[in-house]
Amino acid sequence: MEYNFTNIEKKWQKIWKANQVYKVTEDNSKPKYYVLDMFPSPSVAGLHVGHPLGYIASDIYARYKRLRGFNVLHPMGFDAYGLPAEQYAIQTGTHPATTTEKNIKRYRSQLDQLGFSFDWSREVRTCDSQYYKWTQWTFIQLFHHWYDQSQQKARPIKALVDSFEKQGSDAVDAARDEHEPFSAEAWKQMSEKQQSDILMHYRLAYLSETMVNWCPALGTVLANDEVKDGYSERGGHPVERKRMQQWSLRITAYAERLLKGLEKIDWSDSLKEMQKNWIGKSVGASVDFGIEGHDEKIEVFTTRPDTLWGTTFMVLAPEHKLVEKITTGEKKPEGDAYIEKAKKRSERERQAETKAISGVFTGAYGINPLNGKKIPIWIADYVLSGYGTGAIMAVPAHDSRDFKFARHFDIPIIQVVVPKGEQPGNTDEWEDSKDSTEGTIINSDFINGMKVKDAIRKVIDYLEAQNIGHAKVNYKLRDAIFSRQRYWGEPFPVFYKNGVPYTLDINQLPLNLPEVDKYQPTEYGKPPLARAENWKTEDGYPLETNTMPGFAGSSGYYLRYMDPHNEERYFSAEAVNYWQDVDLYIGGAEHATGHLIYARFWNKFLYDIGLSVKEEPFKKLINQGMIQGRSNFVYKVKNDNKFVSHGLRNQYDTIKQHVNVNIVNNDILDVEAFRKWRPDVGDAEFVLEDDNYICGWEVEKMSKSKYNVQNPDDLVEQYGADTLRMYEMFLGPIEAHKPWDTNGIEGVFRFVKKFWRLFHQDNRFSVSDEKADEKSNKSLHACIKKVGEDIERFSFNTCISTLMITTNELLEHKAAQREVLEPMVILLAPFAPHIAEELWHLFGNDGSVVDAEFPAFNPSLLVENSFEYPVSFNGKMRFKLDVPNDMKKEDIQEAVMNHPKAQKWIEGKQLIKFIFVPKKIINVVVK
RNA sequence: GCCCAGGUGGCGGAAUUGGUAGACGCGCUGGUCUCAAACACCAGUGGUAGCAAUACCGUGUCGGUUCGAUCCCGACCCUGGGUACCA
């Protein structure tokens with residue numbers, strides 16, 4: 001019988017579906033295991049070869065755990081809201097729901113043909129109202145909760161209001177924005193609007209003014225990514241920074257718990273490090289600087305209050321609220337121009353460009369609260385309004401960036417810390433700032449002579465005693481801006497009454513996304529939902545027109561999989577008590593500081609209010625590497641409808657443009673296909689080299705916008721799903737990034753055919769019930785051991801190598817006994833489920849191979865009584881020597897030294913040391 | 001700029017991380033089978049020198065620690081990801 005993968009795969013996929021082989025229910029007789037993939041966002045391009053990489057890995061592990069007797073939850077769904085469907089809708093007028101539905105169908109059929117063990121009865125889609133009902137529900141909960149620092153948990157707003165009524169604002173220790181304190185009496189006399197404004201400073205979901213990239217021409221807000229040099233990437237319209245009222249989530253309240261929680265989870269150190277840096281905890285002090293001639297104070301945060309005496313200037317972010325007020329008349333024009341310029345630059349641009357030093361003196365002076373010294377106040381765009389207080393005290397002697405700024409503008413530099421073993425220096429001669437992490441304080445009044453650590457403590461005590469500052473912990477983490485001026489997202493369950501926001505009743509959920517005539521913003525720059533007819537409550541109050549961001553729907557989806565059809569609740573207590581949390585989560589590292597932080601926050605909140613039963617949602621996380629695309633480029637001559645070949649591009653002034661890799665073969669462009677693909681330049685001239693148009697190439701992220709997407713369908717048709725699954729795993733370690741290349745899939749295909757041949761003779765399934773020989777048994781058990789160990793450490797590429805090696809050995813031994821071949825089928829099953837299932841049934845088994853038992857390995861078969869040692873001289877391997885296990889070190893030394901091959905290396909030299917590492921190496925050191 | 005990761009033959013990678021560098025596979029070379037091809041099978045394959053045994057060189061670059069470094073330390077170069085409204 002020939003190996004006909006198409007028939008085999010189709011047949012078993014049908015049977016698995018009909019028998020619901022992958023459907024799971026809570027089963028208290030078995031331990032649970034929850035394997036989760038980051039669900040895909042269904043794009044027009046379909047699934048590309050990078051998507052399945054993670055899914056194959058998780059599927060292997062899910063199947064493996066099932067073979068080990070676990071009740072495995074392995075669900076899948078779709079992150080269906082987002083920009084791409086909306087952009088497409090703006091261009092074509094097609095409703096995003098239509099596009100999304102179509103894309104999901106395509107994804108589903110692509111996933112199905114790969115033979116994944118997903119329980120599709122649990123599918124969720126973020127754009128489904130029965131799903132987003134619970135996203136909206138969670139938002140309402142966030143709105144009605146605040147964070148109690150003393151209890152370190154979220155509590156109902158009701159409790160806060162009670163406290164205000166009894167004791168005013170000072171009785172609680174809450175995560176909140178700054179506001180003036182008030183008494184219980186004052187609270188009671190406030191209007192509803194005033195009370196609402198106060199509560200906004202506490203709610204975990206709140207309205208506030210935040211900075212955005214505003215593009216007036218497009219009437220929309222843009223991501224930093226969409227802004228290039230102050231212009232929109234799309235259309236090239238000017239963009240400016242602007243304040244806008246937005247919903248935010250007070251994720252900063254959870255900063256400390258997000259940080260601490262990292263210690264308890266099994267994630268890679270690099271990912272934890274990224275999150276740690278993102279949260280960016282720093283311990284220091286808040287200090288109030290006076291301003292000459294003004295009543296206001298400038299609050300700065302510093303990690304080094306001990307260097308206060310070294311402060312020779314201050315810097316405000318251009319957006320700082322005091323800039324306008326303190327800039328003096330003569331400096332005003334210069335200041336305004338600078339602020340105008342800064343507005344046009346994105347935060348990232350402002351931080352990236354450190355070579356060009358820029359800034360403007362305000363003409364105003366701050367007062368150092370410790371010594372009363374006057375220090376100039378500058379404006380510079382390297383200070384960002386979003387970090388700390390948007391103002392810094394600059395200590396040029398001990399900070400590199402401040403140093404460069406001071407040198408550039410000729411501002412004095414005062415040394416205040418002397419590093420250990422050094423003498424105080426002349427700062428005029430310095431080329432850079434001096435490290436100050438450790439050392440002795442000078443030029444600093446009452447802390448002179450103290451060590452840095454003690455000085456910090458002393459200064460903070462002094463600041464607090466004088467009421468000019470206090471100890472403070474600052475986090476780089478910012479609250480998550482939660483509103484988007486877009487159509488294709490969850491509507492907020494919020495309406496406005498006299499300008500005060502209220503949430504809908506839970507029983508009014510879901511608030512369905514309304515129909516609109518167009519998907520772009522209105523002429524007045526209002527979000528698309530403003531176009532919806534009757535977008536108001538039954539009582540006629542206007543509903544919120546913003547929608548939620550992409551991460552809203554993906555923040556809690558793993559919980560909904562536990563009980564996806566529950567209409568009464570997010571999920572039942574029974575379901576969550578059984579499934580608990582995700583044991584293994586597989587997805588891309590590009591989510592490190594986005595989704596993976598938001599989801600942890602979301603889960604902690606649900607934990608606080610008694611829904612989640614585990615504080616951390618994802619116990620173990622694996623980041624599958626990105627399969628990178630190989631992009632191709634054409635070179636268009638600027639201001640001319642002409643393209644030049646790669647080798648000639650430097651002779652012209654050209655722009656590099658992506659070209660669809662599917663019309664490029666071996667970097668040679670199919671010019672006719674290109675004309676069809678880009679009708680806008682259909683009549684272009686092509687400058688060739690050697691009669692060909694050669695394209696440039698680069699390895700980049702695979703994405704539709706780079707036209708380098710490869711999809712798996714053709715490969716499944718040509719080689720079958722089992723081969724594709726194993727080939728993707730064989731490419732390299734799951735966590736490594738690798739460029740996609742189809743060369744090499746033939747080798748895996750050969751292996752699958754070889755494996756099939758193990759069980760067949762003269763085209764007939766032919767396996768005997770006789771005892772297998774020792775060699776075959778040894779091969780099998782070495783394989784069981786290695787494959788088991790390697791699956792446990794997610795080293796799937798070496799699993800496949802091992803299976804190849806064992807298959808070659810068994811073929812060589814002409815092993816055809818059930819005793820060795822049947823366990824091989826089970827070992828292969830997680831990787832290549834279709835062929836394994838077919839062979840499993842050829843053996844006469846009834847049930848599915850997924851319910852088989854992972855074979856046990858017999859250690860006694862693998863015991864060796866000697867070891868072949870590599871013998872090195874001065875670290876260089878020279879020959880090998882077989883040594884019995886029970887031989888003594890002295891005897892081994894003698895055997896080595898008397899070995900004929902050793903003479904060449906020891907002749908005329910003196911033995912310094914004889915190193916013997918059991919089961920590793922022998923090294924002879926001679927001189 | 002900042003944070004994180006990576007760099008090993010012609011190519012993907014292995015060496016479970018201080019102990020034989022290059023497992024397994026692709027590709028390539030030669031051969032068997034065939035009228036021929038495909039499939040399959042056999043042999044070889046890091047570089048240099050050599051008929052060979054063997055020797056020297058070799059894990060991005062430079063330097064260090066060690067009996068011994070792909071692995072640890074320092075400096076640098078290059079590539080990829082993230083950088084808060086792409087998902």
Side-chain angles (χ1 to χ4, degrees), chain A residues 38 40-41 43 79 81-84 87 212-213 220-226 246 268-271 273-278 280 346-355 382 386 401 476-481 483-486 549-551 554 588-595 597 623 625-626 628 698-701 703 705 727 730-733 735-739 741 743-748 750-751 753-754 757 786 789-790 793 795 797-798 800-805 808 868-880 904 912-915 917 919-926:
Chain A
M38 289 186 188
S41 202
S43 80
D79 190 9
Y81 273 136
L83 264 186
Q87 300 290 20
V212 294
N213 300 312
T220 184
V221 173
L222 298 174
N224 282 338
D225 243 13
E226 299 174 291
Q246 305 256 47
S268 71
D269 288 339
S270 61
L271 203 93
E273 192 67 24
M274 268 193 256
Q275 290 212 345
K276 221 182 263 177
N277 294 335
W278 186 258
S346 71
E347 283 192 6
R348 205 183 307 167
E349 284 174 313
R350 282 168 55 173
Q351 283 172 95
E353 245 183 60
T354 50
K355 279 181 194 131
Y382 77 86
R401 212 162 31 172
K476 209 161 18 164
L477 184 72
R478 292 184 245 163
D479 280 343
I481 298 171
S483 36
R484 300 288 183 267
Q485 294 68 50
R486 315 272 187 200
F551 68 82
S554 59
E590 66 272 23
H591 298 286
T593 52
H595 162 64
I597 290 240
N623 289 124
M626 190 164 303
Q628 291 151 328
E698 252 171 57
V699 170
E700 291 183 300
K701 190 172 170 175
S703 94
S705 63
Y727 179 57
F730 192 58
L731 273 177
E735 306 213 57
H737 300 269
K738 45 225 155 203
D741 184 0
N743 295 332
I745 195 168
E746 291 280 353
V748 175
R750 259 171 231 161
F751 159 66
K753 286 187 288 187
K754 242 187 215 176
R757 235 185 298 138
K786 176 87 174 137
E789 286 170 0
D790 284 2
R793 66 185 180 104
S795 176
N797 55 332
T798 54
I800 291 170
S801 296
T802 305
L803 289 165
M804 285 174 170
I805 292 167
N808 287 339
E868 192 181 46
Y869 282 91
V871 181
S872 348
F873 293 83
N874 291 339
K876 281 204 174 201
M877 208 282 284
R878 296 301 178 183
F879 62 88
K880 288 181 186 167
K904 185 170 171 187
I912 305 289
K913 211 175 184 182
F914 183 83
I915 293 160
V917 186
K919 293 270 160 77
K920 295 271 189 205
I921 202 172
I922 292 165
N923 189 20
V924 184
V925 186
V926 290

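Quick note on labels: first sequence line is chain A, next is B, and so on, each numbered from 1. Note: hydrogens, waters and symmetry copies are ignored here, and every other heavy atom, side chains too, is used.
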Rounded to the nearest angstrom, tell me the gap between atom [atom1] in [X] and atom [atom2] in [N].
| X | N | atom1 | atom2 | value |
| --- | --- | --- | --- | --- |
| Leu83(A) | A84(B) | CG | C1' | 15 Å |
| Asn874(A) | G19(B) | CG | C1' | 15 Å |
| His595(A) | G82(B) | NE2 | P | 15 Å |
| Met626(A) | A5(B) | CE | C1' | 11 Å |
| Arg750(A) | C42(B) | CZ | P | 12 Å |
| Ile922(A) | C67(B) | CD1 | P | 19 Å |
| Asn797(A) | U8(B) | CG | C1' | 15 Å |
| Met877(A) | U20(B) | CE | C1' | 5 Å |

When you compare [N] with [M], how far apart are their [atom1] atoms, in angstrom units rounded to a whole number?
| N | M | atom1 | result |
| --- | --- | --- | --- |
| C39(B) | A5(B) | C1' | 43 Å |
| G22(B) | G30(B) | C1' | 23 Å |
| C67(B) | A52(B) | P | 38 Å |
| C3(B) | G9(B) | P | 29 Å |
| A49(B) | G58(B) | C1' | 15 Å |
| A21(B) | A69(B) | P | 10 Å |
| U16(B) | A23(B) | C1' | 13 Å |
| G10(B) | U48(B) | P | 10 Å |

Residue-phosphate contact under 4.0 Å: [X] side-chain N/O, [N] OP1/OP2:
| X | N | result |
| --- | --- | --- |
| Arg486(A) | C86(B) | no |
| Arg348(A) | G1(B) | no |
| Asn923(A) | U20(B) | no |
| Lys876(A) | G68(B) | no |
| Arg878(A) | C56(B) | yes |
| Arg484(A) | C85(B) | yes |

With the side chain of [X] defined as its heavy atoms from C-beta on, choose the nearest nucleotide among [options].
| X | options | answer |
| --- | --- | --- |
| Asp790(A) | U16(B), G13(B), A87(B) | U16(B) |
| Pro84(A) | G12(B), A84(B), C86(B) | C86(B) |
| Trp278(A) | C67(B), U83(B), U20(B) | U83(B) |
| Leu477(A) | A84(B), C86(B), G12(B) | A84(B) |
| Phe730(A) | G19(B), C24(B), C86(B) | C24(B) |
| Arg757(A) | C41(B), G13(B), C67(B) | C41(B) |
| Arg478(A) | A84(B), C26(B), G12(B) | A84(B) |
| Thr798(A) | A14(B), G19(B), G81(B) | A14(B) |

**Request:** May I have the step-by-step check of side chain to side chain contact (heavy atoms under 4.5 Å, CB included) for His591(A) and Asn623(A), ending in yes or no?
**Result:** CA-CA 9 Å; His591(A) 298 286; Asn623(A) 289 124; over 6 Å; no
Under 4.0 Å between any heavy atoms, over every strand shown, what does [X] touch: base, sugar-phosphate, or nothing? Just pick one.
| X | value |
| --- | --- |
| Gln246(A) | base |
| Thr220(A) | nothing |
| Lys476(A) | base |
| Pro733(A) | sugar-phosphate |
| Asn213(A) | nothing |
| Ile915(A) | base |
| Glu590(A) | base |

**Fill in**
For Tyr81(A) and Ser41(A) the tightest heavy-atom approach is O-OG, 4.2 Å
**Prompt:** What's the spacing between Ser801(A) OG and Phe751(A) CZ if we round to 0.5 Å?
**Reply:** 9.5 Å
Using purine N1 to pyrimidine N3 plus N6-O4 or O6-N4 for Watson-Crick, or N1-O2 and O6-N3 for G-U wobble, both under 3.5 Å, which nucleotide pairs with [N]?
| N | result |
| --- | --- |
| G80(B) | C4(B) |
| A87(B) | none |
| U32(B) | A40(B) |
| G68(B) | none |
| G50(B) | none |
| A75(B) | U61(B) |
| C11(B) | G25(B) |

**Prompt:** In terms of side-chain heavy atoms, does Gln246(A) have a donor or acceptor partner in Ser483(A) at a distance below 3.5 Å?
**Reply:** yes
**Side-chain heavy atoms of Met804(A) within contact of Val748(A), under 4.5 Å** = yes
**Asked** Are Ile922(A) and Ile915(A) side-chain neighbours, meaning at least one heavy-atom pair lies under 4.5 Å?
**Response** no
**Item:** Nearest-nucleotide 5' precedence on RNA chain B, Asn224(A) against Gly744(A)
**Value:**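 Looking at the nearest nucleotide for each, Gly744(A) comes out on the 5' side.
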**Request:** Hey, which sits more toward the 5' end of RNA chain B by its nearest nucleotide, Ala736(A) or Arg793(A)?
**Result:** Ala736(A)
Is it the case that the side chain of [X] and the backbone of [Y] share a donor-acceptor pair, with hydrogens and angles ignored and the cut-off at 3.5 Å?
| X | Y | result |
| --- | --- | --- |
| Tyr869(A) | Lys920(A) | no |
| Asn213(A) | Leu222(A) | yes |
| His737(A) | Met626(A) | yes |

For the side chain of [X] and the base of [N], is some donor closer than 3.5 Å to an acceptor across the two?
| X | N | answer |
| --- | --- | --- |
| Asn277(A) | C3(B) | no |
| Lys904(A) | U54(B) | no |
| Gln485(A) | C85(B) | yes |

**Flag if over 12 foreign heavy atoms under 6.0 Å of NZ, Lys738(A)** =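 Count over threshold, so yes.
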**Item:** Anti or syn - G6(B), cut at 90° from 0
**Value:**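 With its glycosidic angle more than 90° from zero, G6(B) counts as anti.
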